[in-house]
Number of protein chains: 2
Amino acid sequence: MSASEQRPAATDGGLSKARVVAEAVRLADREGVHGLSMRRLATELGAGAMSLYHYVASRDELLDAMVDVVFDEIELLSDDTDWRSAMRRQAMSARQVLARHPWAISLMESRTTPGPANVRHREAFTACLRKAGFSIVMATHANWLLNSYVYGYALQEASLPFRTADELAEMTDSVYLPQLPADEFPYLHESAVGLAQAGYDPGEEFAFGLELILAALEPLRTSDARGA
Amino acid sequence: MSASEQRPAATDGGLSKARVVAEAVRLADREGVHGLSMRRLATELGAGAMSLYHYVASRDELLDAMVDVVFDEIELLSDDTDWRSAMRRQAMSARQVLARHPWAISLMESRTTPGPANVRHREAFTACLRKAGFSIVMATHANWLLNSYVYGYALQEASLPFRTADELAEMTDSVYLPQLPADEFPYLHESAVGLAQAGYDPGEEFAFGLELILAALEPLRTSDARGA
DNA sequence: TAGTACAGTGTACGACGTACAGTGTACGAA
DNA sequence: TTCGTACACTGTACGTCGTACACTGTACTA
């Protein structure tokens, strides 16, 4: 039984599940999930550690709720444009949000029960594809493919120490090239040099793969009801 | 400084870094990363907890090493076939391995320094694509796209409670349909019904998306030196 | 035989999640 | 006005965690 139905929303200065979870998200953003302890979180909220358990059954349930809050930050698919624009917007938003909350990505694996925001997104996703003329099975394929790309990309991005072309260039000189001698790793070495020379911008990478996938999905539509 | 260079390989009955890490992987497979404690691992190895620190600098370093052991289980790309077959084999193997060690996926996010097996794979990957006629930038795109798909797929798969068509059918009846009323989630409801009726096999899903991606990458090749 | 190196350990410390037995305040009933 | 009750909130305590540190014993060299 979820604790959200046991406690009111609390508009005054007191605690509430929403307040606890929101602060937990902020804390995790700053310090990672590892740094998020019940005691620490309680202090941040100006409360005793055990007070939190009035709003959250356990640390595990808190993590579930945090993941769902993150899902809720992702822009919901609107169906007032063609499916490709809608999917693109949603994917871009998801990537942005997951970059803000990298801890959420790795939390997904261990949480088996999807929260309400998660389900809402899946419904909107499926709705959009079905309306665009994808069959049930093809819509499922598209769902897996796109979500895999978005989550996988976010996961890889989270473990990268650079964001911009400049940062990459700096890392290339100071770390990659010294660690990737041309005789042992000729291709990685060549790549590191080539990318730096070409002014490769890692910020554009996501969009490239996304467009490729969207284009590849296009032929899977069986009718073209709405969304061409 | 890595502990691997400080301690010998130990062929006799004693401990060794390899032995410690291997047992840690086994333990994590059984109980998850959360269940993997230094004391528990030591007991499993018939040693005192503090003995482990002769082979591993910290729990964190142990986790790094475990992730790299998992990478090492993935089949290394061979370049004796066309690039698509090679990529397919590698991706299939990666997905299999990650399904065996789901904890490794979420660990990737927090580990910023890739281990030797990881680098070896990236080198082989890049080599294969370059030899197949991809430019440096296009090979990078392909690398991101494919890896994102594989990791993202594994991540999603890890949080699913079913593996086969039968298990899905059972879950559909007992969990999904009751929780997805047709009036609130019409499209998810329709999907659940439709997939069960069509005998949809989740085990085939990975290959579908993979083929789509491989086909989409084909036109990015600038020459067709080796690998058509 | 003494010295030394080093694999392996026991104890202890601070931090963790959380069970449990409280406390205080607010408010309706008398 | 007084009492009863409900409930938001908390302090203490327990078992477990990672690991610093000082220690053991054994094996091998001088």
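Lettering of chains follows the sequences in order, A, B, ..., and the numbering in each one begins at 1.
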query = So, A/H101 and A/E73: side-chain donor and acceptor under 3.5 Å apart, yes or no?
reply = yes
Please state how far atom [atom1] in [X] lies from atom [atom2] in [N], giving the value in whole angstrom units.
| X | N | atom1 | atom2 | result |
| --- | --- | --- | --- | --- |
| B/D60 | D/dC17 | CG | C1' | 14 Å |
| A/E61 | C/dT18 | CD | P | 11 Å |
| B/L62 | D/dC17 | CG | P | 14 Å |

ask   = How would nucleotides 20-27 of chain C be written as a contact map, 5' to 3', with B for base contact, S for sugar-phosphate-only contact and - for no contact, using protein heavy atoms under 4.0 Å?
value = B-------
Check: A/Y153 ring centroid to B/Y151 ring centroid under 6.0 Å = no
message = Check for me whether the distance between the ring centres of B/Y187 and A/F125 falls short of 6.0 Å.
response =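 Here the rings of A/F125 and B/Y187 have centres that are no less than 6.0 Å from each other.
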query = Is A/R40 paired with A/E23 through a side-chain N to carboxylate O contact shorter than 4.0 Å?
reply = no
query = Any salt bridge between B/R30 and B/E44, counting N to O under 4.0 Å?
reply =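 Here B/R30 pairs with B/E44 in a salt bridge, since their nearest N and O are under 4.0 Å apart.
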ask   = If you take all heavy atoms of A/I105 and A/A158, which pair is closest and at what distance?
value =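 Looking at all heavy atoms of both residues, the shortest contact is CD1-CB, 4.3 Å.
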Atom pair CG (A/D60) and CG (A/L107), whose distance is rounded to the nearest 0.5 Å =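 One finds 8.5 Å between CG of A/D60 and CG of A/L107.
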inquiry  = When both hydrogen-bonding distances must be under 3.5 Å and the geometry is Watson-Crick or G-U wobble, what is D/dT2 paired with, if anything?
reply    =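 Base-paired to C/dA29.
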inquiry  = Strictly by Watson-Crick or wobble contacts shorter than 3.5 Å, is anything paired with C/dT23, and which nucleotide is it?
reply    =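 D/dA8 - that is the nucleotide pairing with C/dT23, both distances being under 3.5 Å.
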key: Mutual orientation of the aromatic rings belonging to A/F162 and A/Y176 [parallel < 30°, tilted 30-60°, perpendicular > 60°]   = perpendicular
Shorter than 3.5 Å, N or O on both sides, protein versus nucleotides 14-17 of chain C: list them out with atom names.
| from | atom 1 | to | atom 2 | distance (Å) |
| --- | --- | --- | --- | --- |
| C/dC16 | OP1 | A/S37 | OG | 3.1 |
| C/dG17 | OP1 | A/M38 | N | 3.4 |
| C/dG17 | OP1 | A/R59 | NE | 2.9 |
| C/dG17 | OP2 | A/M38 | N | 2.9 |
| C/dG17 | N7 | A/R39 | NH2 | 2.4 |
| C/dG17 | O6 | A/R39 | NH2 | 2.7 |

task = Hey, which sits more toward the 5' end of DNA chain C by its nearest nucleotide, A/A49 or B/G48?
result = B/G48
